[in-house]
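Everything below concerns the one structure shown next.
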Amino acid sequence: VPFKEFAQTLEKIEDLSGKKKIDELGQFFTKVLDFSPEDLTACVYMSVNQLGPSYEEDLRIKGDLGTVAQQSRQNQKTLIQPKPLTIPIVFNKLVKIAKINGKEATTTKISEIKGLLSSCQGIEARFLVRMLAGKMRIGLGEQSVLSALGHALTLAKLAETNKKVSGDKLDAMKDTNVKRVKTAYCECPNYDLLSTRKRKNATDDNGVKVGVFLFDLLYFNGKPLVREPLRKRRELLRSNFKKIDGSFYFATSVDTMDTDEINSFFDEAIQNKCEGLMIKTLDTEATYEISRRSKSWLKMKKDYVDGIGDTLDLVVMGAYVGNGKRTGVYGGYLLGCYNPSTEEYESVCKIGTGFSDEDLAEQFKILQEKKIEKAPMYYQFDPTLKPDDIFAPHLVFEIKCADITISPRHKAASGLTEDGKGISLRFPRFLRIRDDKNADDATSSEQVLEMYRSQEIFANQKIEADDGEEDDDDVVGEDEEKDEEEEDLNKTNASEGSSKENPVEKKKSPVKQSPAKKDAEKSKSPLKSTPVEKKKTVASIFSSTKKSVKKEESPIKKKKKNEFSSDSDSEDSEDDAFAKKAQPKKKRSRVAIDSDSE
DNA sequence: TCTGATGCGTC
DNA sequence: GTCGGAC
DNA sequence: GTCCGACGACGCATCAGA
């Protein structure tokens, strides 16, 4: 298969929308199957920008090679046209490059890449560069590639048997084959967890005890269990494996249909330092599907509830230029809290999500007038966080986060802690601009520290209380108290003023969906007492104890905030880079050939 | 050989 | 991990 | 409801450079 064909397909896909992307790729795969089926594997991998199954040894091209690739592009004199590239040539070359290591590895890789690039013609270079940069940006990912494969198999089969089928029938056949492909994909035991992740010092001498909490069984004695309902998988898990104190446990769980029980269990989980619960159906739609969100696996976390969870008002110290669909506006910001005693702003976190396109456009405009030459003395941040643009303290963002953590990079409250370590936020997201606050009204360093501490105290109080007992039952009873805890949660909210424009706190459900199965039934589950209308579904709740281990997640649609947003200005930055001159400081360009799931 | 920076994976 | 946008 | 691609903190392993 000529590489050019592939590149042209990618180009088309980029311009198409919706299902047409899948059709296009499906047709390409069909052609491949027809002409040189042996190339199909490489084609599939390259479509998802991988060099092999992820359980195999790391086949990732490292170093800042994406930029190298871009830059070396301009130096191509292209005097003679080398012979055309093919899929296997490119694929094998990339694998080879990825495997180079040892002394001079980077230099060798660079020259190999230059070589490959100079063989490129026309459109080929663009996609090669994108592959090296780790971002294909054609709006087509793993799920769509699987669908395309299903389509291709259908078409190939039909061609082979010389059958003709009409529209609806064809679509139905495609659907079945897509399903087959996806099921097979789930059943192949090539999950990441099977690859031995090399950790040099597995014995953790930080005093932190580490344990594995088993919660599912997908493959046993050579048989995939993916199509079995959770109840059965769990039964097999529990009857065939043994708990080992200190290392292997079964995830703590409760089987119930009662939302009060769920709420109690949730509270308990939080007190035990868990992030929350996974709520799963035991029997209905309870098979296992990877890489997917569904209603039969729901995540319940405290920070999903409006008005609960940590909220801070932080000053925009600087911003970073946006990439991809954020080109032309800022893609993220550096935020800080205010330390009144030193009159300094100390970085707390960067922020890059929660914005609508409209938000970003508006902010870009506002901030142009606040730009200053260089970071003032009273801005405290790690050099590695240096923003592309720096602003005078002015704009204040309200931010929500899941947790407050000690940070190796950020400076917040670093003058107030014993060890001089700073504080940062886990999973920060933008809520809105606080027009009503000046920069020095922002959350103070002291408040940030206070929030961190009360979070710790909160988590500790229960642990101390029942220290010594339980801690390792696989089925946990329910809790009793819970009201005082919610108060504590509220206390950590630093945006007192919020209520101003938010007289009525719309409480959002703390439940979101997760990967696994698809449609089940409707279920809404407010944290506060209100019982839930449920059909016959049984909920099974998982959580781990103490220093928890967690997995799985997913979002449920929020409310719509602004129904509208100005057109997104996606631009092709590397193409621009070709046209112009070497992109001067394209910091942080990722250079893996990757995609983080198999 | 050591160390600081950073790639890349986890959440 | 979170989130918004397009379909 | 799905899928995709913007973006977060942080820790380990690795590599360039001393």
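Letters go in sequence order (proteins before strands), and every chain restarts at 1. Everything numeric in this text was worked out from a predicted model, so none of it was measured.
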Starting at [atom1] of [X] and ending at [atom2] of [N], how long is that distance when rounded to a whole Å?
X	N	atom1	atom2	answer
A/D403	D/dC10	CG	C1'	13 Å
A/D357	D/dA6	CG	P	11 Å
A/R409	B/dG7	CZ	P	12 Å
A/D310	D/dA9	CG	P	16 Å
A/R432	C/dC3	CZ	C1'	18 Å
A/D359	D/dA6	CG	P	18 Å
A/I22	D/dC4	CD1	C1'	11 Å
A/Q143	C/dC7	CD	C1'	16 Å

Check whether any side-chain N or O of [X] sits under 4.0 Å from OP1 or OP2 of [N], and answer yes or no.
X	N	result
A/S407	D/dC10	yes
A/K20	C/dC7	no
A/T384	B/dA5	no
A/R429	C/dC3	yes
A/Y304	C/dT2	yes
A/K325	D/dA6	no

Mind telling me whether A/F213 and A/Y249 have parallel, tilted or perpendicular rings, with 30° and 60° as the class edges? parallel

N-O pairing of A/R126 and A/E11 below 4.0 Å: yes

Side chain of [X] only, please: which of [options] is the nearest?
X	options	result
A/R326	D/dA6, D/dC4, D/dA9	D/dA6
A/T353	D/dC10, D/dG8, C/dC3	C/dC3
A/S17	C/dC7, D/dC3, C/dT2	C/dC7
A/S144	D/dC4, D/dG8, D/dA6	D/dC4
A/K182	D/dA9, B/dC11, D/dC3	D/dC3

Under 4.0 Å between any heavy atoms, over every strand shown, what does A/I406 touch: base, sugar-phosphate, or nothing? Just pick one. sugar-phosphate

Using a 4.0 Å heavy-atom cut-off, does A/I138 contact any base of the nucleic acid, only the sugar-phosphate backbone, or nothing at all? sugar-phosphate

Partners passing salt bridge (Lys or Arg N to Asp or Glu O under 4.0 Å) against A/K19 (at least two apart in sequence or in another chain): none

Set of residues satisfying salt bridge (Lys or Arg N to Asp or Glu O under 4.0 Å) with respect to A/E112, sequence neighbours excluded: A/K93, A/K96

Under 6.0 Å between the ring centres of A/Y330 and A/Y320? no

Using a 6.0 Å distance limit plus a 45 degree cone around the ring axis, check whether A/K386 lies over the aromatic ring of A/F381. no

